[in-house]
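I have placed the structure first, in the form of structure tokens, so that the comments after it can refer back to it.
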Amino acid sequence: MAGVIWRSALQRCCLQRTSAWMPVRQATSVAQRIEEKRAEAIAGGGEKGKAKQHAKGKLTARERLDLLLDPESFRETDMFVEHDCVDFGMEKLRTAGDGMVTGQGRINGRPVYVYCQDFTLRGGSLSWANAQKIMKVQDKALDAGVPIIGLNDSGGARIQEGVASLAGYGEIFRRNVTSSGVIPQLSLVMGPCAGGAVYSPALTDFTIMVKDTSYMFVTGPEVVKEVLSEQVTTEELGGAKVHTTKSGVAHLAYENDVEALSRTRELMSFLPLNNKDKPPVVSSSDPSDRLATSLDYVVPPDSTQPYDILDVIRPVVDDGDFFEIQPDWAKNIVIGYGRMGGKTVGFIANQPTRQAGCLDISASNKSSRFIRFCDAFNIPIVTFIDVPGFLPGYVQETGGIIRHGAKLLYAYAEATVPKIAFITRKAYGGAYCVMSSKHLYGDMNYAWPTAEVAVMGSKGAVNIIFKNKSPEEKVECEESYKTAFANPFPAAQKGFVDEIVKPSETRRVIINDLDVLRNKQQTRPWRKHGNIPL
């Protein structure tokens, strides 16, 4: 009897010990699985996939994020997400992260959300699962009022998932639209971006490409060949050169991943976190009352002789630091960011070295979108004007220069941020009205002594007004016309120009006006939205 009792007590003791050890074993097992899955997600396509990526001159997703974000600032989310597709054997190809890295980090100490496609894992193809990862950081960025940057390197929709993958794109596009004008959105195209995938970068505020390794197109060379019997290469159809010089789809292109990521960090330093935030202020040792003496001599005495408008912008901004946007497309107009007294300012300027600074279709589109971004994000606009008019010709008229030029007019008139303009030389015809004139709610409008504000140039005007005069008489009439109109006085006498300023004082004038206008409030009639002539 005693032996039975002893055995029973021993069994109870062993059972209690086993029960106590089970949670420890389970916890150890779960912790091990977590680390295994974490390692799986970090590995992505493994050493083989990494080697292939490097062989193409590209960095991996995580290497890119390491360079884009401040050191040790990245906090990854949804690392353990896997796709749930069971068609075509996909249930055997599940990997933690599913080829998408998402999370939050900091750039120059300021918060940002990011997502990065991992081409080493199933070509970075978009599944419903990794689309949801993108959607989550898009929602979080919008809720937090923080910029979002997408790094695109993908073969496109995951075909095995069918419409679910397409639905993912649709959800991403909708969030792009919802966030537009609320938080800055940037896209880096660092590899393939084809088909429907191209519309997310197109909807964002800035698209940055990498030369030779990235491309964007709706339909690829194979489809073009089959449908149109045209032979075209990937680079010719959608490479960085095409989109930064011809289509205007991309804003900037750089030689490699490292340069693209570094310059993206620099661009971010000019932008606010959201549409309720002020652009960041950077300390500057450049005196606000510094005279830009070179400007007194930059405009040639001969009004037909060109000069580089960058020689006007750089002496004006803090430390000569000007970040140009879309420098290789529509070169007849210059746009970009600089700082005045440490504060971000958007600059727009006609470029006399290109088509004499005439406005055309591309220049109108380039500058109008830039204006709308600045206005949405509280960035003041400074305009330097030297424009003889709109570019004439059959191509421009049939291409819709009337409609496209109206976009620029609309954008300037709609903008409520501080707007300061300087006429450096020519301001002729309708182009005078369009380029941030007093008539489009310009806050401060100035003219340099070299300014000419008129309906048209002297030669054209004389040929119309004095068409019956002899050539000798026309020469005399032209001189009279220049005396009357080829100067800033007529506009100043009517109050269309607030002041005629010495060029060297331009920097001081801008900084003073920006300080006065920093709390500017301007109300307009209520409307759901305007109908810009798109």
Side-chain angles (χ1 to χ4, degrees), residues 53 56-61 63-70 101 105 107-108 110 112-119 124 134 137-138 141 147-154 172 176 179-180 183-194 197-217 234-235 238-272 321-331 334-337 344 346 365-366 369-370 373-374 377 379:
Q53 191 82 338
K56 296 175 183 176
K58 302 195 295 183
L59 299 176
T60 65
E63 288 170 340
R64 287 166 173 166
L65 290 176
D66 284 343
L67 290 175
L68 176 65
L69 302 173
D70 294 347
V101 184
I107 294 179
N108 304 316
R110 303 163 69 232
V112 63
Y113 277 90
V114 293
Y115 63 89
C116 186
Q117 293 171 326
D118 184 357
F119 193 82
I134 296 175
V137 292
Q138 285 182 302
I148 185 167
I149 303 176
L151 284 68
N152 298 266
D153 188 0
S154 167
I172 292 167
N176 287 139
S179 296
S180 181
I183 56 173
Q185 302 178 83
L186 283 75
S187 295
L188 278 77
V189 180
M190 312 187 82
C193 185
V198 300
Y199 290 110
S200 182
L203 288 167
T204 58
D205 300 305
F206 299 98
T207 300
I208 299 167
M209 299 184 72
V210 179
K211 296 177 182 178
D212 301 323
T213 59
S214 67
Y215 56 83
M216 300 171 66
F217 43 63
T234 297
E235 186 64 27
K241 184 176 181 180
V242 169
H243 288 312
T244 54
T245 64
K246 294 183 178 180
S247 72
V249 168
H251 295 79
L252 299 161
Y254 296 107
E255 296 296 331
N256 51 55
D257 285 11
V258 175
E259 186 182 9
L261 294 164
S262 174
R263 294 289 279 173
T264 299
R265 287 177 57 88
E266 185 178 350
L267 173 58
M268 288 294 294
S269 72
F270 289 97
L271 309 182
D321 182 19
F322 178 62
F323 192 101
E324 189 172 356
I325 304 294
Q326 293 183 306
D328 299 316
W329 180 57
K331 291 185 176 183
V334 172
I335 60 173
Y337 298 108
T344 300
N365 287 323
K366 173 180 172 178
R369 189 177 185 193
F370 181 76
F373 178 85
C374 289
F377 291 101
I379 299 173

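Basis for what follows: all heavy atoms, side chains included, without hydrogens, waters or symmetry-related copies. Note that the structure is predicted; figures quoted are calculated from it, not measured.
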Got a donor-acceptor contact below 3.5 angstrom from the [X] side chain to the [Y] backbone?
X: Gln326; Y: Ile335; result: no
X: Lys366; Y: Trp329; result: yes
X: Gln185; Y: Ile148; result: no
X: Arg64; Y: Met190; result: yes

(message) Assess the residue pair His251 and Leu267 against the criterion (side chain to side chain contact (heavy atoms under 4.5 Å, CB included)); give the C-alpha distance rounded to whole Å, side-chain angles, the decisive distance to 0.1 Å, and a yes or no.
(response) CA-CA 12 Å; His251 295 79; Leu267 173 58; over 6 Å; no
(request) State the OH-CD1 distance between Tyr113 and Ile183, to the nearest 0.5 angstrom. (result)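 The OH atom of Tyr113 sits 10.0 Å away from the CD1 atom of Ile183.
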(request) Could you pull out all residues at least two apart from Ala250 that satisfy side chain to side chain contact (heavy atoms under 4.5 Å, CB included)? (result)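 For Ala250 the side chain to side chain contact (heavy atoms under 4.5 Å, CB included) partners, ignoring immediate neighbours, are Thr207, Met209, His243, Thr244.
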(message) By the definition side chain to side chain contact (heavy atoms under 4.5 Å, CB included), identify the one residue from Ile208, Ile149, Asn256, Leu68 that meets it with Leu261.
(response)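 The option that passes is Leu68.
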(request) Apply side chain to side chain contact (heavy atoms under 4.5 Å, CB included) to Phe206 and Ile325, showing your working. (result) CA-CA 9 Å; Phe206 299 98; Ile325 304 294; 4.1 Å; yes
(request) Answer whether the closest heavy-atom distance between the side chains of Thr204 and Ser179 falls below 4.5 Å. (result)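 Not in contact.
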(message) What I'd like to find out is whether the side chain of Phe119 reaches to under 4.5 Å of the side chain of Pro192, using heavy atoms alone.
(response)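 Answer yes - side chains close enough.
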(request) With sequence neighbours excluded, tell me which residues meet salt bridge (charged side-chain N to carboxylate O under 4.0 Å, His left out) with Asp66. (result)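 Salt bridge (charged side-chain N to carboxylate O under 4.0 Å, His left out) list for Asp66, sorted by chain: empty.
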(message) Applying salt bridge (charged side-chain N to carboxylate O under 4.0 Å, His left out), can you list everything that pairs with Glu255, at least two apart in sequence or on another chain?
(response)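 Here the qualifying residues are Lys211.
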(message) side chain to side chain contact (heavy atoms under 4.5 Å, CB included) for Arg263 and Leu252? Distances and angles first, verdict last.
(response) CA-CA 9 Å; Arg263 294 289 279 173; Leu252 299 161; over 6 Å; no
(request) Go through Val242 and Phe217 one step at a time and tell me if the side chain to side chain contact (heavy atoms under 4.5 Å, CB included) criterion holds. (result) CA-CA 11 Å; Val242 169; Phe217 43 63; over 6 Å; no
(message) I'd like to know if Arg265 pairs up with Asp70 as an ion pair, taking the criterion as any Lys NZ or Arg NE/NH1/NH2 lying under 4.0 Å from an Asp or Glu carboxylate oxygen.
(response)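 Looking at Arg265 and Asp70, the cut-off is met.
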(request) Check whether more than 12 heavy atoms from other residues, nucleotides or ligands sit under 6.0 Å from atom OH of Tyr199, and answer yes or no. (result)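 No - once you tally the heavy atoms of other residues, nucleotides and ligands closer than 6.0 Å, there are 12 at most.
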